[in-house]
Amino acid sequence: MGVALRNILGEYREEMELENLRGTVAVDAFNALYQFLTIIRQPDGTPLMDSEGRVTSHLSGIFFRNINFLEKGIRPAYIFDGAPPDLKTETVARRREVRDAAGERWKEAIARGDIGEAYKQARASARIDDAMIASSKRLLDLMGIPWMVAPSEGEAQAAFMARQGDVGAAASQDYDALLFGTPRLVRNLTVSGRRKVRGRSVTVRPERIDLSAVLAGLGLSRAEFIEVGILTGTDFNPGIRGIGAKTALKIVRAGKFQETVQEKAPDFDPGPVREFFLSPPVTEGYRLDWNKPDRDGIVAMLCEEYAFSEGRVDAALQKIGTKAGQKTLGDWF
DNA sequence: CTACGCTA
DNA sequence: TAGCGTAGG
C-alpha cells in the first residue's frame with residue numbers, strides 16, 4: 001500500500017498528541033474509511049451492522065472520530081478519490097484479488113471455528129462499496145464537515161490543498177502524499193489511541209512529517225525524492241525488484257536513476273509516473289466550510305435508520321455543544 | 001475505532 | 001480514577 005519509504009523516513013516522524021494538533025486538515029477519505037472498516041469489528045471479524053445487515057462500522061468511526069476532532073479544535077475536510085488513473089489499474093486489480101482471496105479464507109476460518117484467523121482474513125477482505133461512500137458523505141454533511149471528490153487521487157488533491165495553504169496538513173497513512181508534495185503529512189490521525197498489538201496495549205499517537213525536513217535531511221530535491229519512490233514502487237508502478245528504500249536513496253543520490261531503470265527494467269518508462277506525482281489532476285474548485293452539526297438529522301440517520309443508541313449519539317454531540325433542539329456550535333469556529 | 005461498565 | 005475488557009450496530 002502506497003510507497004515503502006518507511007525505512008528512510010523514520011527519523012523525520014514527529015509524534016504528537018491529538019490535543020496539540022489543531023487547525024485544518026485534508027483527510028484522505030478512502031484511507032480513513034478503510035481504517036475504520038478494518039478496525040471496527042468483532043473478534044470473529046464481523047463488522048458492525050444494522051438489523052438489515054448493512055455495515056455501519058464506517059459510520060461509527062466517522063461519527064465518533066470527528067466528534068473528537070471537533071472537540072479538540074481539529075477541522076477535517078474529507079477528500080474522496082475520483083476515477084483512478086490508468087497507471088493504477090494493475091494495483092487496483094491486484095488489491096481486489098487479494099481481498100477476494102481473503103474473503104474466501106474468512107469464510108473457511110469461520111467454518112472451522114478459527115476465530116483468530118477469521119479476524120485476520122476479515123480485515124484483509126475489507127472493501128469500501130458505493131453504499132458506504134454515500135452514507136459517509138451524508139453523515140459528513142449532517143455533521144457540517146466539508147468533503148469533496150477529487151478529480152483523481154484523493155491524496156494528490158489533499159497535497160494540493162495543503163500546498164495552497166488552504167489546510168494545514170494532509171492526513172493519510174500512506175506516504176504518497178509526500179510524493180505529491182504536501183508540505184506536511186499527518187499519519188495515525190484516524191487510528192490514534194489505545195491499540196492492542198500482539199496482546200500488548202500500546203498508545204498510537206498522531207505523527208507529523210514535514211516534507212522540507214525530509215528533503216533537507218535526505219539531501220534530495222522533490223523530483224529526486226519521487227525517483228526514490230519510483231524505484232521502490234508506488235501505487236502507480238511496481239518498483240524494481242531487489243531495490244528497497246535505502247538502496248534507492250543511494251542510487252538517486254549518485255545520479256544513477258535513469259541508468260538503473262534502463263539496466264534493470266528496460267521496458268519501464270518512469271516518465272508518466274514522475275509526471276503524475278509532479279502534476280496530478282487536481283482542482284481549485286472547492287470551498288471548505290464547517291457548519292453547525294444538524295443534531296436532529298444525525299439522530300434521524302444514525303438512530304432511526306442504522307439503529308445507533310440515541311443515548312450514545314446524544315452524549316457525543318453534547319461534547320461539542322450540540323443538544324436536542326439546538327444547533328449552537330460553541331466557540332470552535 | 002470509541003464508549004462504557006467493571007475492578008482494584 | 002485509572003486501567004482493562006468488551007460492546008457497539
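Every heavy atom of this structure was used, including side-chain atoms; hydrogens, water molecules and symmetry mates were not. Reminder, nothing fancy here: chain letters follow the sequence lines and each chain counts from 1.
- The hydrophobic cluster containing A:Ile110 also includes A:Trp106, under a criterion of side-chain heavy atoms closer than 4.5 Å among ILVMFWY residues, counted directly or through chains of members.
- Going from atom CG of A:Leu178 over to atom CZ of A:Arg184 covers 11.5 Å, rounded to the nearest 0.5 Å.
- Contact annotation: A:Arg41 does not reach the phosphate of B:dC1 (side-chain N/O to OP1 or OP2, under 4.0 Å).
- Looking at residues two or more places apart in sequence or on another chain, you find a salt bridge (charged side-chain N to carboxylate O under 4.0 Å, His left out) between A:Glu15 and A:Arg205.
- A:Gln42 comes within 4.0 angstrom of a nucleotide base, judged by non-hydrogen atoms across all strands.
- With sequence neighbours excluded, the residues that form a side-chain contact (heavy atoms from CB on, under 4.5 Å) with A:Asp129 are A:Arg127, A:Ala131, A:Met132.
- Less than 4.0 Å separates DNA chain C from at least one heavy atom of each of the following residues of residues 46-54 of chain A: A:Pro47, A:Leu48, A:Met49.
- The separation between A:Phe308 atom CZ and B:dC1 atom C1' is 11 Å, rounded to whole Å.
- When rounded to the nearest whole Å, the span between NE2 of A:His58 and P of B:dT2 equals 17 Å.
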Could you list all N or O pairs between the protein and nucleotides 1-3 of chain C that sit under 3.5 Å apart?
none

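- Under the salt bridge (charged side-chain N to carboxylate O under 4.0 Å, His left out) criterion, A:Glu117 pairs with A:Lys120, sequence neighbours left out.
- Contacts of A:Ser309 with the nucleic acid, taken as non-hydrogen atoms under 4.0 Å apart, involve only primed sugar atoms and P, OP1 or OP2.
- The stretch residues 127-139 of chain A does not touch DNA chain C, since none of its heavy atoms comes less than 4.0 Å from the strand.
- You'll find that the side chain of A:Ala307 is closest to C:dG9, out of C:dG9, B:dA3, B:dC1.
- Regarding A:Phe64, its CZ atom lies at a distance of 10 Å from the C1' atom of C:dG9, rounded to whole Å.
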Review item, side-chain donor-acceptor pairs of residues 77-93 of chain A, under 3.5 Å, at least two apart:
residue: A:Tyr78; atom: OH; partner: A:Asn66; partner atom: OD1; Å: 2.8
residue: A:Tyr78; atom: OH; partner: A:Asn66; partner atom: ND2; Å: 3.3
residue: A:Asp81; atom: OD1; partner: A:Gly154; partner atom: N; Å: 2.7
residue: A:Lys88; atom: NZ; partner: A:Glu153; partner atom: OE1; Å: 3.0
residue: A:Lys88; atom: NZ; partner: A:Glu153; partner atom: OE2; Å: 3.2
residue: A:Thr89; atom: OG1; partner: A:Asp86; partner atom: O; Å: 2.7
residue: A:Thr91; atom: OG1; partner: A:Asp235; partner atom: O; Å: 2.6

Report all side-chain donor-acceptor pairs from residues 241-258 of chain A shorter than 3.5 Å, counting only partners two or more places apart or in another chain.
residue: A:Arg253; atom: NE; partner: A:Leu218; partner atom: O; Å: 3.1
residue: A:Arg253; atom: NH2; partner: A:Leu218; partner atom: O; Å: 3.0

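- Under 3.5 Å, the side chains of A:Asp44 and A:Thr46 contain a donor-acceptor pair of N or O atoms.
- Of all nucleotides listed (B:dC1, B:dA3, C:dG9), B:dC1 comes nearest to the side chain of A:Phe36.
- Spacing between atom CG of A:Leu302 and atom P of B:dC1 amounts to 20 Å, rounded to whole angstrom units.
- By the side-chain contact (heavy atoms from CB on, under 4.5 Å) test, A:Ala102 is found to be paired with A:Arg105, A:Gln121, A:Ala124, A:Ser125, residues two or more places apart in sequence or in another chain being considered.
- Through side-chain heavy atoms spaced under 4.5 Å, either directly or across other Ile, Leu, Val, Met, Phe, Trp or Tyr residues, A:Ile115 is tied to no other residue.
- Checking the phosphate oxygens (OP1, OP2) of B:dT2, no side-chain nitrogen or oxygen of A:Lys319 falls inside 4.0 Å.
- Atom CD of A:Gln35 and atom P of B:dT2 are 11 Å apart (whole Å).
- Under the salt bridge (charged side-chain N to carboxylate O under 4.0 Å, His left out) criterion, A:Arg208 pairs with A:Glu14, not counting sequence neighbours.
- For the pair A:Ile39 CD1 and B:dA3 P, the computed distance is 15 Å after rounding to whole Å.
- Listed nucleotides: B:dC4, B:dT2, B:dC1. Nearest to the side chain of A:Asn68: B:dT2.
- The separation between A:Arg312 atom CZ and B:dT2 atom C1' is 8 Å, rounded to whole Å.
- Atom CG of A:Leu189 and atom P of B:dT2 are 10 Å apart (whole Å).
- For the pair A:Ser309 (side chain) and A:Arg312 (backbone), a donor-acceptor distance under 3.5 Å is present.
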